[in-house]
Amino acid sequence: MGTPLWKQLEALEKKGIDRRGFFKIMAAAGVFAGLNSQKIKAASCKAKAKIVIIGGGAAGISIASRLARMLEEPNITIIDPSDRQYYQPGFTLIASGIYKPEVVWKKQEDCIPSKVKWVKDSVIALDPVSNNARTAKNGVISYDFLVLVPGIQLNWNEIEGFDYSQLGKGNAHCIYDFKGAQMTWKAMKEFTEKGGKGIYTDTYTKHKCGGAPKKICLLTADYAQKHNRRESLDITYYTAEKDLYDVKFFTPRLKEIYQERNIPIELNTRVKGIDTEKKQVHFERIEKKGEEKVVTPFVEDYDFLHFTPPMSAPHFVKEAGLGFTEGKLAAGGWANVNKETFVHNTYSNIISFGDAAGLPTSKTSAAIRVQVPLAARNLIALMEGKEPCEKYDGYAACPIITDYGHVLLCEFNYDKEPEISFPFSLLDMSKEQWAAWLLKVYILKPLYFYGMLKGYA
């Protein structure tokens, strides 16, 4: 018997690959293996409790769908203010002209599971001692168990001289925003036509989809190459990290690609400020000389800028005392949870995973897809008075698009070791692959809307 996911995948027809050819390719690659049989394999649970889920994104709706199926009498409330459910990995594909903007979102009301109550509101404060959440419009909502998955906060104002209202002005762009992704595509085409100096940056905080700024940088270079305009562009990539990538299995080839595309990489460099009127980026290069930290400020002019804002957990997480208080995760207020079970280290009736959680792995949709079923089963165990026994190994995947037609599919765990999924384990995944491009462009979006959000994948 087919699932909504399978029916959606059957309907896929994309320009350049007819339906017969598309499925022949995917079947040969084994990409569909098991997708149509992803079902909840847990016995129906009689446990009763009031579950509140803060956040209606990938993590919140996915776990709500699973819990609604697993519990005989579900009492689940999602608190989320959004009108739309975005497939955020598609923002890069909008910014590079591969997707139309309208294909990456659906009405939020159509994504909320039927057995789940939706409070369309924002959480402004949490009291984990009294087990309640204060909302902007609906007052206090109490809970027995809390699933804390509010997503990530983009802190535009932490860039000196910049705020969200300036996005796109002075040709300063960012694809971590739906509107920003659309403006980036228009500006990227114009930049390619006119030529000039392009600056691409990541940020110094933990951030979702760390590959995104790398992708748009490489796609710009490839787009220009395909239009015989590459020699007119001077492109540089700036990273706050000490290396371009931190998973050794994939890093050598990624660095080779940057070298082949003639894109210099500047390490240990963070954005301090942006002057959109002068089209200047204010940088700080931070290096260690012995025990001394040396900060070197400098300014670069640009014609096109793609930057990544600093990010954190929403402020109410830290203000409620739910974030880490020590170590490198403290500043971002990331939820202080056990990295294997997702149970909060102070409040055992709170589970947190996804972007807001202090998990030492990448914040990607692929990571959430693996986290959701484990989190659901651990929450059920807590409701039944048992110890949570499902353990997460840190699996995450980052499909780095290297050109129009290839993806370096980086899959890894907490130890930064490769954890390649079948059928890609049959290929040399230390290099970019066309099969991974097909997965990224044609499969993952319907998998998100018709599989993951529905609780099937």
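It should be emphasised that the depicted structure is a prediction, and the values quoted were computed from it without experimental measurement.
For D144 (side chain) and K50 (main-chain N/O), a donor-acceptor pair under 3.5 Å exists by modelled atom type. The backbone N or O of V441 lies less than 3.5 Å from a partner atom in the side chain of Y99, making a donor-acceptor pair.
Residues passing the side chain to side chain donor-acceptor pair (under 3.5 Å) test with E284: none are found, sequence neighbours excluded. Shown here are the salt bridge (charged side-chain N to carboxylate O under 4.0 Å, His left out) partners of R285, two or more places apart in sequence or in another chain: E266. Among residues two or more places apart in sequence or in another chain, the side chain to side chain donor-acceptor pair (under 3.5 Å) test is passed with H344 by none. For H282, there are no side chain to side chain donor-acceptor pair (under 3.5 Å) partners at least two apart in sequence or on another chain. Considering only residues two or more places apart in sequence or on other chains, W118 meets the ring-ring contact (aromatic ring centres under 6.0 Å, His included) condition with none of them. Here F250 pairs with nothing under the ring-ring contact (aromatic ring centres under 6.0 Å, His included) rule; sequence neighbours left out. In this structure, H207 has no ring-ring contact (aromatic ring centres under 6.0 Å, His included) partners at least two apart in sequence or on a different chain. Scored by the salt bridge (charged side-chain N to carboxylate O under 4.0 Å, His left out) test, E384 finds K386 as partners (sequence neighbours excluded).
Using a 3.5 Å distance cut-off with no hydrogens or angles, the side chains of Q166 and T276 do pair a donor with an acceptor.
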Using the side chain to side chain contact (heavy atoms under 4.5 Å, CB included) rule, take L154 and Y164 through it: C-alpha gap first, then chi angles, then the decisive distance, then the call. CA-CA 9 Å; L154 306 183; Y164 179 72; over 6 Å; no
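Sorted by first and then second residue, the pairs that involve residues 166-189 and meet salt bridge (charged side-chain N to carboxylate O under 4.0 Å, His left out), not counting sequence neighbours, are K186-E190. Residue pairs that meet the side chain to side chain donor-acceptor pair (under 3.5 Å) test with at least one member in residues 388-398, sequence neighbours left out, are Q371-Y392, R377-E390, Y395-E411. Sorted by first then second residue, the ring pair (Phe, Tyr, Trp, His ring centres under 6.0 Å) pairs that include residues 356-377, not counting sequence neighbours, number zero. A salt bridge (charged side-chain N to carboxylate O under 4.0 Å, His left out) check over residues 395-410, counting only residues at least two apart or in different chains, returns the pairs R261-D403.
Relative orientation of the F162 and F307 rings is perpendicular, given thresholds of 30° and 60° on the angle between their planes.
A cation-pi contact, defined as under 6.0 Å to the ring centre and within 45° of the axis, is absent between R134 and F316. Figure legend: cation-pi geometry between K106 and F449, with NZ or CZ positioned under 6.0 Å from the six-membered ring centre and within 45° of its axis.
Here the straight-line distance linking atom CD1 of I216 with atom CD1 of I401 works out to 8.5 Å at 0.5 Å rounding.
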